[in-house]
Number of protein chains: 4
Amino acid sequence: MVLERAIFEATLADLEAVGYARLTMDGVAHRARTGKTSLYLRWPGKADLVAAAVEHAVADQSEPSDTGTIRGDLLAAVTVIATRLDGAFGEAVRGLAAETLADPERTRRARESVVGWADRRVATVFERAVRRGEIAAASVSPWAIRLAPVLVTHEYLAHGAPIPEAALADIVDQVVLPVVGVAPPPPAAA
Amino acid sequence: MVLERAIFEATLADLEAVGYARLTMDGVAHRARTGKTSLYLRWPGKADLVAAAVEHAVADQSEPSDTGTIRGDLLAAVTVIATRLDGAFGEAVRGLAAETLADPERTRRARESVVGWADRRVATVFERAVRRGEIAAASVSPWAIRLAPVLVTHEYLAHGAPIPEAALADIVDQVVLPVVGVAPPPPAAA
Amino acid sequence: MVLERAIFEATLADLEAVGYARLTMDGVAHRARTGKTSLYLRWPGKADLVAAAVEHAVADQSEPSDTGTIRGDLLAAVTVIATRLDGAFGEAVRGLAAETLADPERTRRARESVVGWADRRVATVFERAVRRGEIAAASVSPWAIRLAPVLVTHEYLAHGAPIPEAALADIVDQVVLPVVGVAPPPPAAA
Amino acid sequence: MVLERAIFEATLADLEAVGYARLTMDGVAHRARTGKTSLYLRWPGKADLVAAAVEHAVADQSEPSDTGTIRGDLLAAVTVIATRLDGAFGEAVRGLAAETLADPERTRRARESVVGWADRRVATVFERAVRRGEIAAASVSPWAIRLAPVLVTHEYLAHGAPIPEAALADIVDQVVLPVVGVAPPPPAAA
DNA sequence: CCTTAATCGAGACGGTACGTCGTGTCTTTAT
DNA sequence: ATAAAGACACGACGTACCGTCTCGATTAAGG
């Protein structure tokens, strides 16, 4: 297991260093001070390795910060997503978009995990807002939850990292808050 | 130019046949009955070629169909997007998400064009709805326009093609219509 | 080493089949049931591969046949040279004449080996003749030894294979024997 | 014809600059300030072009210098041959050894011309020696004539240019003079 | 003098081989 | 048994030339 951890770290480091497209199995093995054998014993290919490394990396979840308002919590959440995308995780997302894992079901799960962890954060934010009485429980649907993760991820795929703060605020104010029935704050005077 | 057209057609055909990941320059050249030289004379690599082929393919725009209501028009629009994604275009989207073109600015433009053409369709739908008085002009923002293309594209990237009709309807009813201030129809009894 | 042997055999077979100019690395690799990588791991290019294959092929030396007279022995020797030239070895000679190996010193050695093995055969013939008392030890110089191999090789380069027997006899009777001080036999009545 | 001359000069210049193996039709055309069309209109390929250029170059024959003795004349002759080989002509010889022209008969003639012009020089030297009474007319055979050109050319092919003067002297003293029945001078004390 | 044909330069084209790189399998050596 | 190390078969990459071709521009000869 210590080997597995070293491989994951090497994978993430290479993702960050050269990106998904130029990441090589040889390179990962070398950085992890092991041989390709050890990689192929565990994962059938590059895409599977990257998927595993990323799932491992997003596993450690801290509680989303509580700012007192749904808007503040959402801004905090999208900021976390945007920050993660600006690194190894983002590169993995690009790779998983393009390539197929050996097992189709595994592919589905890996792609799901790209936004899944972010979904859970947003869901927590919404639950808090319902408890606070800021939004109605009925307005919380899977689509409403997924909205923020998807839009931020798309922004990354289309325009790269880092995502400007203004875009994050727009996503929260012009899309997410209206969908859950909260009036966005008046735009600041330009 | 006749050669260029043949290359584009070969590229799209191969995208459809084997997908982006297994598309090869040799393969495209062979199908277009030309040599690799002619490809590299025009584009520096596979990603650039695919980007050009796709931009060429999405260029021919028909007018979005007018069903009489914003909901009908939106459903028609997302269906067109979903249909395009289930083919060469979709495969190109995957490739462009993962790979970088030779020129960064060109990369940005290519990625923009992935949803740009769909944006224009949705914008037309919204303009009609404003004229009909279904929605307020103020509720039409770039984010509102981009919403449908992004969500459909994400659905494709995450779950593959074809996208179920129910998902398309959900995107329209639960996200887009609320954001532009239209009450969605009551859910049909299951 | 078993792989190396297979590569040499494939190289010689292709030399014989298509000649030096149309021998390709791909072709050799395919015939040897290996990949180009394995070729380039060992030799920097086509010329080096062919040089190595030829040196390997001429390495197995049988004792020059002993006919009892210097003239008979020389005729046997030039016949062996001529026979070798009419095959893979001859094609390699053409290639080595025109192309340069990666390493200049290696080039010199490879070109030397083209006639070197034949020199050694002729030297043995001369030693026997000295022991028999047919020729004086003083008349055996490096130039006298090299004479036959060079003339036969030139005949091949200029007029191709197979070299007519009459030409071989002329080389022995009109050039080599006079140089070592043996009167050639009177020309057969035409 | 002025164009033809320019092409020949460009060919010889490129032979001298980069050697036969790396000479390209594009390169010659560019240096001659013409297009490839003009080359292929006249010669079917690189080997034919080089053969023609070389035949053109060796055409201008000066009378072999008369030093008063056969040995001096022979030394002068082999020096001329060695000098020519150390340049474009030598590179062409390498090419013609390896490659085949479009027309086999043409190939034969081209290869013949490599040593043919030198043969004629040596023949003249021998005629003079016969007139002087240095050698017997009977000892002048085609093989005796060809000996010097072949040995010098081989020395070039095997060891490259420039050929050391000592080797040229050895060829004359140890091989050619003995064959025509002239006792070579005693070796100089080292 | 004009025009009709030929030749030229320039370079795109279809194709073959090059030499390199990465993949995923397999073998070897050493625990 | 498992791990490191790396050789191996394979296939795609992007480049260089080949020999063919098309295309204007220029030149030359003939009406």
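Because only heavy atoms are used, hydrogens play no part in the values below, and waters and symmetry mates are left out as well, while side chains stay in. Within every chain, numbering begins at 1; the chains are lettered A, B, ... in the order of the sequence lines, protein sequences first and strands thereafter.
A side-chain donor-acceptor contact under 3.5 Å links E99(D) and Y20(D).
For H30(D), the NE2 atom sits in a loose shell: 12 or fewer heavy atoms of surrounding residues, nucleotides or ligands are nearer than 6.0 Å.
Using a 4.0 Å heavy-atom criterion, one finds that L39(A) contacts no nucleic acid atom at all. Using a 4.0 Å heavy-atom cutoff across all strands shown, T24(A) reaches sugar-phosphate atoms only and no base atom. At the heavy-atom level, T37(A) lies under 4.0 Å from base atoms of the strands shown.
Taking the nucleotide of DNA chain E with the nearest heavy atom to each of P44(C) and G35(B), the more 5' of the two is matched to G35(B). For G27(B) and M25(D), each mapped to the nucleotide of DNA chain F holding its nearest heavy atom, the one lying further toward the 5' end belongs to G27(B). Between A29(B) and Y40(C), the residue anchored nearer the 5' end of DNA chain E, judged by the nucleotide with its closest heavy atom, is A29(B).
We find that CZ of R22(C) is positioned 15 Å from C1' of dG19(F), with the value rounded to whole Å. Atom-to-atom, NZ of K46(B) to C1' of dA12(F) comes out at 9 Å; the value is rounded to the nearest Å. Atom CZ in R33(D) sits roughly 17 Å away from atom P in dT26(F) (whole-Å rounding). If you take CD1 of I7(D) and P of dT7(E), they are 14 Å apart, rounded to a whole angstrom. Put simply, CZ on R31(C) is 20 Å from C1' on dC10(F), counting in whole angstrom units. At whole-Å resolution of the value, OH in Y20(A) and C1' in dG22(E) are 13 Å apart. Here dA17(E) presents its C1' atom at 15 Å from CG of L49(C), a figure rounded to the nearest Å. dC17(F) atom P lies 13 Å from atom NE2 of H30(D), rounded to whole Å.
A donor-acceptor contact under 3.5 Å is formed by the side chain of K36(B) with the base of dG14(F).
When each of dC18(E), dA12(E), dT25(E) is scored by its nearest atom to the side-chain atoms of L41(B), the top-ranked nucleotide is dA12(E). When distances run from any side-chain atom of S38(B) to the nucleotides dG19(E), dC8(E), dC13(E), the shortest one goes to dC13(E). Comparing dC13(F), dT25(E), dG11(F) by their closest approach to the side chain of D26(B) singles out dC13(F).
E91(D) and L15(D) get closest at one heavy-atom pair: CG-O, 3.5 Å.
Between L49(B) and I7(B), some side-chain heavy-atom pair lies under the 4.5 Å cut-off.
To the nearest 0.5 Å, the span separating OG1 on T153(D) from CG on L157(C) amounts to 10.0 Å.
The side chain of T34(A) places an N or O atom within less than 4.0 Å of a non-bridging phosphate oxygen (OP1 or OP2) of dA4(F). Contact annotation: R42(C) side-chain N/O to dC8(F) OP1/OP2 distance is under 4.0 Å.
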